[in-house]
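Each remark here refers to the structure printed beneath this line.
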Amino acid sequence: MFALLTNKYPGMRVWLSQRITAVVMAAYVVLLIIALLMLQPSDYAAWRVFAGSTVFRLATLLCFICLSVHAWVGVRDVLRDYIFNQTLRTYLQILVDLLLVAYVVWLSLILWGL
Amino acid sequence: MQKQSPNNRPKNLNLFTIKLPINALVSILHRASGVALFLLLPFMLSLLQQSLISATGYQAVSQMFNHAFVKLLLIACSWAFFHHFYAGIRHLLQDVHWMTTLQKSRFTGRVVLILVGLSVVLFAWSIF
């Protein structure tokens with residue numbers, strides 16, 4: 001089974017990373033909803049305490065990194081299916097890649113830079 | 001012998017005459033909702049930033065969410081999330097060969113649509 005993850009089968013790694021990131025994000029969302037329902041941060045101070053906790057920061061960053069990998073694969077598949085002009089597709093893919101990296105940086109700044 | 005050239009074949013590009021089977025419907029909506037969620041990312045990040053940066057920012061965000069129109073937008077966004085979430089779980093289960101016959105996947109497709117509907121209604125009810 002691990003042979004499938006070597007360089008010989010790059011598509012397998014992409015396929016599997018989309019699945020693994022999906023599981024991580026699903027777990028994060030369920031836990032986040034439970035935490036929000038239990039703690040109910042209903043004003044600014046409570047919300048800052050909630051979002052400032054180390055658990056929230058690390059879990060959210062992890063989830064978002066997974067999201068960017070997941071979205072990278074997803075958008076790549078969509079572009080390959082509908083954009084037939086190679087040049088345009090390459091440029092769109094680069095744009096999406098840059099956006100996703102920028103989003104991860106942006107989120108880190110939001111979580112730690114405040 | 002008459003041979004029809006491929007160029008003379010009848011075309012059916014009127015999307016309204018094509019009825020999607022439920023599996024195709026759940027699948028294309030999974031893709032559409034995924035693209036929608038991707039396009040929503042900057043707005044989600046911006047709202048998170050606004051809500052955390054200062055008490056005034058937090059006030060502004062919560063006041064914005066009080067508008068009925070914004071709530072409707074939020075409900076539409078929640079549809080994208082719930083559909084992508086439930087249909088994604090269905091895809092994951094199919095990846096491990098659970099419920100993959102045509103009959104069974106039609107059933108799970110219906111379950112996904114029902115769960116999405118219920119979740120969106122519950123979400124709408126909780127914010128209004």
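Below, read A as the first sequence line, B as the second, and so on, with proteins coming before strands; counting in each chain starts at 1.
Both the backbone and the side chain of B:L45 come within less than 4.5 Å of a heavy atom in chain A. Both the backbone and the side chain of B:S46 come within less than 4.5 Å of a heavy atom in chain A. Both the backbone and the side chain of A:A26 come within less than 4.5 Å of a heavy atom of chain B. For B:H30, no part lies near chain A; criterion is any non-hydrogen pair under 4.5 Å. For B:S62, no part lies under 4.5 angstrom from a heavy atom of chain A.
Not a single donor-acceptor pair under 3.5 Å links the side chain of B:K71 to the backbone N or O of B:F128. Checking side-chain atoms of B:S54 against main-chain N and O of B:G57 turns up a donor-acceptor pair under 3.5 Å.
Within the 4.5 Å cutoff, the side chain of A:R19 has no heavy atoms near those of the A:V73 side chain. Side-chain contact check for B:F123 versus B:F82: some heavy-atom pair is nearer than 4.5 Å. Side-chain contact check for B:I127 versus B:I75: some heavy-atom pair is nearer than 4.5 Å.
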ask   = Please walk me through it: do A:T60 and A:Y28 pass side chain to side chain donor-acceptor pair (under 3.5 Å)?
value = CA-CA 8 Å; A:T60 304; A:Y28 169 84; 2.8 Å; yes

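With chain B as partner, the option from A:L67, A:D43, A:D77 having the largest number of non-hydrogen pairs under 4.5 angstrom is A:D43. Here A:W47 is the residue among A:F64, A:W47, A:W15 with the most heavy-atom pairs under 4.5 Å with chain B. Comparing B:P42, B:G88, B:G34 by heavy-atom pairs within less than 4.5 Å of chain A, the highest count is held by B:P42.
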